[in-house]
Student: 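Sharing a structure below in structure tokens format, with a few things to ask.
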Amino acid sequence: MRLLRNNEEISKLTAKLENYTKKLNDITELHRNLKIKEKKQEANTNELKSELEEYKRKYANVEMELEMTKSQSDNDLSSVLTQRKEAEEERDSLRIELDEKSAEFEKTIRQLRDLLEQSQSQNQDLQQATKIAEEVQKQKEEVEKLMAESEKQR
């Protein structure tokens, strides 16, 4: 009986051992799968880190280009503002020169009008003098005629 009990005990222990062996194999399989997943995750993490570094590098390049563009835009704007200021100064200078030339032109026009009036006045005086001279000439001729007739009569 004792042998039978020992056999039962051995059977129970063997069944337990097989059960534990199966569980150990399952745990080993799970451990192996977990290690595979960890390696995959590590590979993914490394790939993501590489992508992150690449994006950081691209972002830094874009920021640098943006800063350069902003700087260039600031320079362009400054240049445009300087050119505009210079153009406004030139316009103001030309406006002053135009005003001066206009004033000179107005003065010249006034002088020409005065000269025209003087010329017209002198022309009228000359016409009157011419008429007077013609009348004097006629009177002289008449006087000469009369003198000639008077001498004839004498």
Student: Roughly how far, to the nearest 0.5 Å, is CD of Q72 from OG of S79?
Tutor: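 Interatomic distance, S79 OG to Q72 CD, rounded to 0.5 Å: 9.5 Å.
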Student: Can any side-chain N or O of T130 pair as donor or acceptor with the backbone N or O of L126 at less than 3.5 Å?
Tutor: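 Pair found, side chain donor or acceptor close to backbone of L126.
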Student: Are H31 and K35 close enough that some pair of their side-chain heavy atoms sits under 4.5 Å apart?
Tutor: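 They are in side-chain contact.
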Student: Is there a donor-acceptor pair closer than 3.5 Å between any side-chain N or O of S119 and the backbone N or O of L115?
Tutor: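 A pair under 3.5 Å: no.
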Student: Keeping the roles fixed (side chain from S11, backbone from N7), state whether a donor-acceptor pair exists under 3.5 Å.
Tutor: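 Confirmed, S11 side chain pairs with N7 backbone.
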Student: How about E90: does its CD atom have over 12 heavy atoms from other parts shown lying under 6.0 Å from it?
Tutor: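 Count not over threshold, so no.
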Student: What distance do L48 atom CG and Q41 atom CD have between them, rounded to the nearest 0.5 Å?
Tutor: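 With rounding to 0.5 Å, CG (L48) is 10.5 Å from CD (Q41).
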Student: Can you check whether K85 reaches E89 side chain to side chain, under 4.5 Å on heavy atoms?
Tutor: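 Yes, their side chains come closer than 4.5 Å.
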Student: Determine, for E29 against R32, whether the closest basic-nitrogen to carboxylate-oxygen distance falls under 4.0 angstrom.
Tutor: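 Salt bridge present between E29 and R32.
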Student: Going by atom types only, do D114 and Q118 share a side-chain donor-acceptor pair under 3.5 Å?
Tutor: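 No, Q118 and D114 have no side-chain donor paired with an acceptor closer than 3.5 Å.
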Student: Counting N and O atoms only, with roles assigned by atom type, does the side chain of S121 sit under 3.5 Å from a partner on the main chain of E117, one being a donor and the other an acceptor?
Tutor: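 Not at all, since once roles are kept as given, no pair shorter than 3.5 Å links the two residues.
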Student: So, taking the atom named CG in L94 and the one named CD in E100, what distance separates them when rounded to the nearest 0.5 Å?
Tutor: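 One gets 11.0 Å once the value is rounded to the nearest 0.5 Å.
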Student: Whether the side chain of T28 engages the backbone of L24 through a donor-acceptor N/O pair (distance < 3.5 Å, no angle test) should be reported.
Tutor: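 Answer holds: yes.
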Student: Let me see the working for T69 and S73 under side-chain contact (heavy atoms from CB on, under 4.5 Å), right down to the final yes or no.
Tutor: CA-CA 6 Å; T69 302; S73 293; 4.2 Å; yes
Student: Go through the steps for Y59 and E63 under the test side chain to side chain donor-acceptor pair (under 3.5 Å), then give the verdict.
Tutor: CA-CA 6 Å; Y59 180 78; E63 272 191 335; 3.0 Å; yes
Student: Could you measure the distance from the CD1 atom of I10 to the CG atom of L4? Nearest 0.5 Å is fine.
Tutor: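 Result: 11.0 Å between the selected atoms.
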Student: Could you measure the distance from the CG atom of D76 to the CG atom of L81? Nearest 0.5 Å is fine.
Tutor: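 Answer rounded to 0.5 Å: 11.0 Å.
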Student: With the side chain counted from C-beta on, respond yes when E53 and K56 share a heavy-atom pair under 4.5 Å apart, and no when they do not.
Tutor: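 Yes, their side chains come closer than 4.5 Å.
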Student: Do R84 and E88 meet the salt-bridge criterion of a basic N to acidic O distance under 4.0 Å?
Tutor: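 Yes.
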Student: To the nearest 0.5 Å, what is the distance between CD on E144 and CD on Q137?
Tutor: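 E144 CD to Q137 CD: 7.5 Å, rounded to 0.5 Å.
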